[in-house]
Each structure stands twice: as C-alpha cells, then as structure tokens.
Amino acid sequence: MSTRSLFVAVFALSAALVLAQAPNLGKPASPADIAAWDLNILPDGTGLPAGSGTAADGARVYGTKCAGCHGPEGKGGTAAKLVGGEPVKNMSSEKTIAGFWPYSTTLFDYIRRAMPFQQPRSLSNEEVYSLTAYILSQNKLIGQSDAMNAQTLPKVKMPNRDGFIVRFPERTP
Amino acid sequence: MNPMDRARRELETLPAAAGNGLLHRRALLRHGAALAGAVLGYSVTPLAFAQQLTEDSWSRGPGTVVPEAGLRSRFERDVVRTLSNPKGEPRTQHARTPHHLVNGTFTPNSMHFVISHAGDPDIDPDQHRLLIHGLVKQPLVFSLDALARYPMVSRMAFVECGGNSAPLFSPQPIQATAQALHGLVSCSEWTGVLLSTLLDEAGIDPRAKWIVAEGGDAPHLSRSVPLSKALDDAMIALYQNGERVMPSNGYPMRLLLPGWEGNMNIKWLRRIQLTESPGMTFYESRTYSQVLPNGKAYQFYFLQEVKSFITHPSPGLAMKGPGFYEISGIAYSGNGRIAKVMVSADGGKTWTQAALQEPVHSKAFTRFRAPWRWDGGPAVLQSRAWDEAGFSQPTRAQLVAARGQTDGVPPVTAFPSQHYNAIASWSVAPNGEVKHVYA
C-alpha cells in the first residue's frame, strides 16, 4: 500500500467514525408524507399546484374573506392595501404589491400560507389562484379575464422586478 | 486627613482620559475599593452620612416558601418588556427588552425581545416534527426525542430584529428609552444540534444553494438562507439559557443563525427545504428589504452589523448629582467578536477606550464600561464599537447619507427601514436629565 492510499484509507476510516457518532435517527419521508407541508412556491413557478382561477371568482372570495381587514376592493383597512400604490421613492414610501413586490409567485405563496389571518390554509388552491388573479387584475398587472394557474402566474412580470440590489453579493449564492 | 477624605481627594485628582471627565478604563481597578465605594448608582442618593443601621423587619422571622420555578422580587415588577399589541389584535406583536433596567451580557429568558407576526403557537413537543427535504438524497423527519440524542453544542449569540433602532431614521431624535429605541435585540446561550449534522444525514444534492426554512406558527413564516450559512454555524436551538426555548422565542425548536437578521432565525421551526434558488418569500421580498434614497431597495441584507449603545445612563435613568458614575452599555457584531469600544462624553470630540467584560464571545453581547467623573455640566455620551473583522459603527450623518431618513417624524414603533447601526447619543443636562440627541 502506498503512503497515499494508506492516508486515504485512514481518512475514510476516520470519516466513517465521525459519521457513526451521529445517531441517524431521521425517519425517511415519502413524497406523499410531505405533500401537506410542501408549501414553497419558487419564482420560476416550482411548487405551484394544479388549479386555476380568475378575477371574477376572486372578487367574490375577497368580499367575504378579505375585505374586512384589507378594505373594500383592496383599498386598505386595518391591514395593508392590496390594490394601488406608487413606485417606491425612499424609505417613507409605502411598499405595495404593484409598487414594490418583485415576484408574482410570492402573492400565491403568501396568501396560501398565511391568509386569511384568522384561518390560514382554509382556502382551496382554486380560491388562492382566483384571489391572486383578482389582486393582480385590480392592480392592472393582468387583464380582467386572464386565468392564473401554474403556467401563467410565473410569467406575470412585476413592475419593480429590477428594483433591488443584493446587499452583500459575496454572501449570496 | 482621614482615610475617607484622602480617598475622595485622590479621586478628584485622577487624570482624565478624555474630555468632560472620562477616566481611564482601569482607574477603578487601580484605585480599588475607595473609588468603587464612591461610584454612585443612577438611583441611589448622593454621598451623605449613613443612617444608624438597625435590624430589618424581613429578617426577624423565617421567610416564605421557596417556589418551584423562581420568580423575581416583587420590588422588580416594573422591569418588564413593553408590548406593542397587548390585546393581540390581528397584526404583528412586539415585546422589547428593557436594556436600561437589566445588566450583564445575557438577557433573562422572560425579558428576551419578541416579534410574533401572528401570536405564539401552543406547540405540543411530542407531536412537533422537523422535516428536511428538497434537494437532498433522502428527505427526513425528526422528532424532538430523536434530536435529543444528537451531539449538541452551546454558544452565546445575540438575536436582533433587522428593524431594531429604526426610530433613529427619524430626522429629529425621538424621545424614548433605550428599551423603546434599541429593545429588539437580546442575547442568550443557545444549546442544540448543528444544522450541518442533520443536512449531512439527509445528504446534500450538489445543486442545492439555499435552504428555505419555515415555522409551525399560523402564517408558516418562511425565509431563505444561503446553504453556506446553514453549513457554517447554524443551529437547531432547543435550549435558551439552559431551559427549553421560550414559547415566544420558538419552542420547542428554532433556527439560530448567529449574527444574522432576527426574522431569518425561524421560530417554531418545522421544515427546511433545500433549493437551487431563494423562495423570494413575503418577508424577504417585501418586509425586510430596505428602500434607498434612489428608489432602489436592498435585498438579502442578512448581516447584523457592528453596533453598540449605552444603557447606563440612558433616557429614563436620571443622574443624581455630580460625581463618579460608570458608563456602561452593550456592543455586538454579526461579523464576530467585538475588538474595541470607544466612549466619548463630549459628543465625539474626544474618546477613550472602554473596558470590555471578558470573555468576549463571537456574535454575542459584550458589555463595556468606562468610569466617568461628571462635573454637573452638560455632556453628550456616545459609544462606538469595532469588530474583529475591522468594521466600525458609522456616524449617524454617514449612515443617513447612504440610506436616507424619513420625511417626517414617524411613531416610535414604526419600521420605515432596517439595519440602523450608527453611533447613538445621549445628552446629560445639568439637572441630571438624560435625553436622546443627534450629535
């Protein structure tokens, strides 16, 4: 055995010993086990579920489940406005969906995981798609009859998409 | 001359280390008990003849039954966090650490700051699960029982909200205590399992560059973290200062990312997905991104940069007459250890080096202290910290030049922007009142 292969063998042995110290108690999970928790939507649309919805359906759901806090037609109430807003100018500017948010997919992700505030995850995927369509169409970012689904939503380009500067590029992959 | 008078005379003639009465940081040690005895607290009466000492009423019989879980003295009831939403209305809740009323380098668990975007969930630890999935060889689920059998580590770490000190973006200094201005940072000893141990077990797919971490709270709060940080010093924290993590701080487990923006340290952690790109979640794409004066916004700030502030004296702790005081405060940096803290009593014209409480831990509170002989005249107290990576706090003017300030004076509880780490200033008036000023 050469010195090098001896070294490799010893190294492999010690690595195995280190690994052996971790008890390996994680239980393997199948895709079916994970499904109910698998909520993340990425900007390219990864994770978006089947289903589809339009602004007309969204308006009805909005009126019963969202308007109480976000105001009629999304103009704002005890919680933030979801419709309208200028491009941001400085730190005193309001950060609105139309004026600030970089990705449309964030809207689906956030409504599905967190809204309505008092009953999160009570909405069906169809309802989330229609609410997303309603908010985007009220903001004139899509047409009134455009359906939102896994194919169309990631293609909606938000006005402030390029308005961001990564603070520490060397720390950010 | 009697020994007491001699000691006092010695104190009065100690050479100053910087303007307006700042003494050398080791003056206390050199002049020992005499000086220590003459240093006045902020709430005790000035030197006068002691009254005749008598037996105290509380010592004349046995005391009360020792409680199972310790409670603070009834005389300390006013030492509490301040709540922004005490009725739990459907919006975010904040609880701020009373930095001017505590001392040392750790925050008691009951005083740790909290931001809870939709209340604290009441998690049953036996049913709670942590899922690791996405770009891994084998998705895994961990119970708390299982995690308890893994090798653990303990480390000191501060956690700071990205929006701590945001009131200092106001164009005029907002009059409030250190608790209201800087109360969204706390420091604990955290104990738990390194995240790298669990990621190794799941087997990292070489395409993975990020993790998206998610909480088991109502809104399933989620944030994206570079995989490099997850493998560096991230921890699944199970214990906080020796006891299980507090419900408001993430019971039964939280993600600890030492030195990084508080919101990313996901509480009530239930899921970690490895991904190639960031999730662009609500809190990273909207809330925790900072609009700059040119209308562009910072994204992925992550780091809590080097910072310090004086806790004693500070607004709400009035000075009780001229004489000797100890200036003290906390310093910390997400870049590592605090290397040096300088203190000024004349608004930054002259500075002297403060003593640092040993041991100085990386990414943790370091208490600094500087003896001060207040002559009763106006003074402006400042502290400025340097970290071991060579970064130091900017002046407020420098920070505002780069980041801007608000148009009008915002409410003290508003978050117009985040990541404010400039030098903070307290003025001391001849009547002893301490105020927040810009200097």
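Below, each value reflects all heavy atoms present in this structure, side chains not excepted, and no hydrogens, waters or symmetry copies. Naming: A, B, ... by sequence-line order, numbering from 1 per chain. None of the values given here were measured: they were computed from a predicted structure.
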Peer 1: Between the side chain of N421(B) and the main-chain N/O of V306(B), is any donor-acceptor distance below 3.5 Å?
Peer 2: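 Confirmed, N421(B) side chain pairs with V306(B) backbone.
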Peer 1: Judged by modelled atom types alone, do E261(B) and H419(B) share a side-chain donor-acceptor pair under 3.5 Å?
Peer 2: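 Distance-only check passes for E261(B) and H419(B).
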Peer 1: Among L303(B), I132(B), L221(B), single out the residue with the greatest number of heavy-atom pairs under 4.5 Å to chain A.
Peer 2: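 The option with the most such pairs is L303(B).
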Peer 1: Is it the side chain or the backbone of H220(B) that comes within 4.5 Å of chain A heavy atoms, both, or neither?
Peer 2: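 Interface part for H220(B): both.
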Peer 1: Using heavy-atom distances under 4.5 Å, tell me whether R91(B) contacts chain A through its side chain, its backbone, both, or neither.
Peer 2: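 For R91(B), the contact with chain A is made by the backbone alone.
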Peer 1: More than 12 non-hydrogen atoms from neighbouring residues, nucleotides or ligands closer than 6.0 Å to CD on Q138(B), yes or no?
Peer 2: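 Atom CD in Q138(B) is crowded, with more than 12 foreign heavy atoms closer than 6.0 Å.
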Peer 1: Between T287(B) and chain A, which part of the residue has a heavy atom less than 4.5 Å away: side chain, backbone, both or neither?
Peer 2: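 When you check distances to chain A, only backbone atoms of T287(B) fall under 4.5 Å.
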Peer 1: Distance only, no hydrogens: is a donor on one side chain within 3.5 Å (strictly under) of an acceptor on the other, for Q273(B) and N40(A)?
Peer 2: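 A pair is found: one side chain offers a donor N or O, the other an acceptor, under 3.5 Å apart.
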Peer 1: Assess whether a salt bridge exists between R149(B) and D145(B), defined as any Lys/Arg side-chain N lying under 4.0 Å from an Asp/Glu carboxylate O.
Peer 2: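 Not counted as a salt bridge, because no side-chain N and carboxylate O are separated by less than 4.0 Å.
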Peer 1: Among Q290(B), H117(B), R270(B), K209(B), single out the residue with the greatest number of heavy-atom pairs under 4.5 Å to chain A.
Peer 2: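 Highest number of pairs under 4.5 Å: R270(B).
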Peer 1: What part of Y103(A) gets within 4.5 angstrom of chain B, counting heavy atoms only: side chain, backbone, both, or neither?
Peer 2: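 Contact with chain B involves the side chain of Y103(A) alone.
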Peer 1: Write down the atom of F164(A), the atom of S289(B), and the distance for their closest heavy-atom approach.
Peer 2: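 Taking every non-hydrogen atom into account, CE2-OG, 3.8 Å.
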Peer 1: Do T152(A) and N149(A) have a side chain donor and acceptor closer than 3.5 Å?
Peer 2: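 Yes, because at least one side-chain N or O of T152(A) sits under 3.5 Å from a partner of the opposite role on N149(A).
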Peer 1: Could E276(B) and R207(B) be called an ion pair, given the rule that one side-chain N must be under 4.0 Å from one carboxylate O?
Peer 2: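 R207(B) and E276(B): not salt-bridged.
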Peer 1: Taking 4.5 Å as the heavy-atom cut-off, does anything in residues 119-141 of chain A contact chain B, and if so which residues?
Peer 2: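 When heavy atoms of chain B are the reference, residues 119-141 of chain A contributes P120(A), R121(A) within the under-4.5 Å range.
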Peer 1: Within 45 degrees of the ring normal and closer than 6.0 Å to the centroid, is that where the cationic atom of R167(A) sits relative to F300(B)?
Peer 2: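 Checked: cation-pi criterion not met.
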Peer 1: For P90(B), is it the side chain, the backbone, both, or neither that has a heavy atom closer than 4.5 Å to a heavy atom of chain A?
Peer 2: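 Its backbone and side chain both get close to chain A.
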Peer 1: Keeping the roles fixed (side chain from N164(B), backbone from C161(B)), state whether a donor-acceptor pair exists under 3.5 Å.
Peer 2: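 Flag not set: sc N164(B) to bb C161(B) has no pair under 3.5 Å.
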Peer 1: Salt-bridge test for D162(A) and K296(B): reply yes if a basic N is under 4.0 Å from a carboxylate O, no otherwise.
Peer 2: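 Between K296(B) and D162(A) there is no salt bridge, as every charged N stays at least 4.0 Å from the carboxylate O atoms.
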Peer 1: Look at the aromatic rings of W260(B) and F302(B) and report parallel, tilted or perpendicular, splitting at 30° and 60°.
Peer 2: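 Correct class here is parallel.
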Peer 1: Using distance alone, with no hydrogens and no angle criterion, decide if S417(B) and R403(B) have a side-chain donor and acceptor under 3.5 Å apart.
Peer 2: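 Yes - a donor-acceptor pair under 3.5 Å links their side chains.
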Peer 1: Less than 4.5 Å to any heavy atom of chain B: does that hold for the side chain of K89(A), its backbone, both, or neither?
Peer 2: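 Contact with chain B involves the backbone of K89(A) alone.
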Peer 1: Under a 4.5 Å heavy-atom cutoff, which of G295(B), A146(B), A297(B) has the most pairs with chain A?
Peer 2: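 Looking at each option in turn, the highest pair count goes to A297(B).
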Peer 1: Can you tell me which of S285(B), P416(B), S222(B), S228(B) forms the most heavy-atom pairs within a distance under 4.5 Å of chain A?
Peer 2: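 Option with the top pair count is S285(B).
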Peer 1: Are E214(B) and R223(B) within salt-bridge range, i.e. N to O under 4.0 Å?
Peer 2: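 A salt bridge is absent here (no side-chain N lies under 4.0 Å from a carboxylate O).
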Peer 1: Answer with side chain, backbone, both or neither: which region of L39(A) has an atom nearer than 4.5 Å to a non-hydrogen atom of chain B?
Peer 2: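 Both backbone and side chain.
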Peer 1: Under a plain distance cut-off of 3.5 Å, with no hydrogens placed, do D200(B) and T197(B) share a side-chain donor-acceptor pair?
Peer 2: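 Looking only at side-chain atoms, D200(B) and T197(B) do not form any donor-acceptor pair under 3.5 Å.
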Peer 1: So, for P28(A) and D33(A), which heavy atoms are closest and what is the spacing to 0.1 Å?
Peer 2: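 Reported closest heavy-atom pair: O-OD2, 4.2 Å.
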Peer 1: Is the shortest side-chain N to carboxylate O distance from E73(A) to K75(A) below 4.0 Å?
Peer 2: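 Yes, charged N to carboxylate O under 4.0 Å.
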Peer 1: Tell me which of these, W210(B), F142(B), F169(B), F282(B), has more heavy-atom pairs under 4.5 Å with chain A than the rest.
Peer 2: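 The option with the most such pairs is F282(B).
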Peer 1: Check whether P410(B) gets within reach of chain A through its side chain, its backbone, both or neither, counting any heavy atom under 4.5 Å.
Peer 2: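 The answer is neither part of P410(B).
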Peer 1: Can you check whether anything in residues 45-59 of chain A gets within less than 4.5 Å of chain B, heavy-atom wise, and list it by number?
Peer 2: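 Near chain B, by residue number: none.
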Peer 1: Give the member of P293(B), G404(B), A218(B) that has the highest number of heavy-atom pairs under 4.5 Å with chain A.
Peer 2: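 The option with the most such pairs is A218(B).
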Peer 1: Is it the backbone or the side chain of F168(A) that comes under 4.5 Å from a heavy atom of chain B, or both, or neither?
Peer 2: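 Contact with chain B involves both backbone and side-chain atoms of F168(A).
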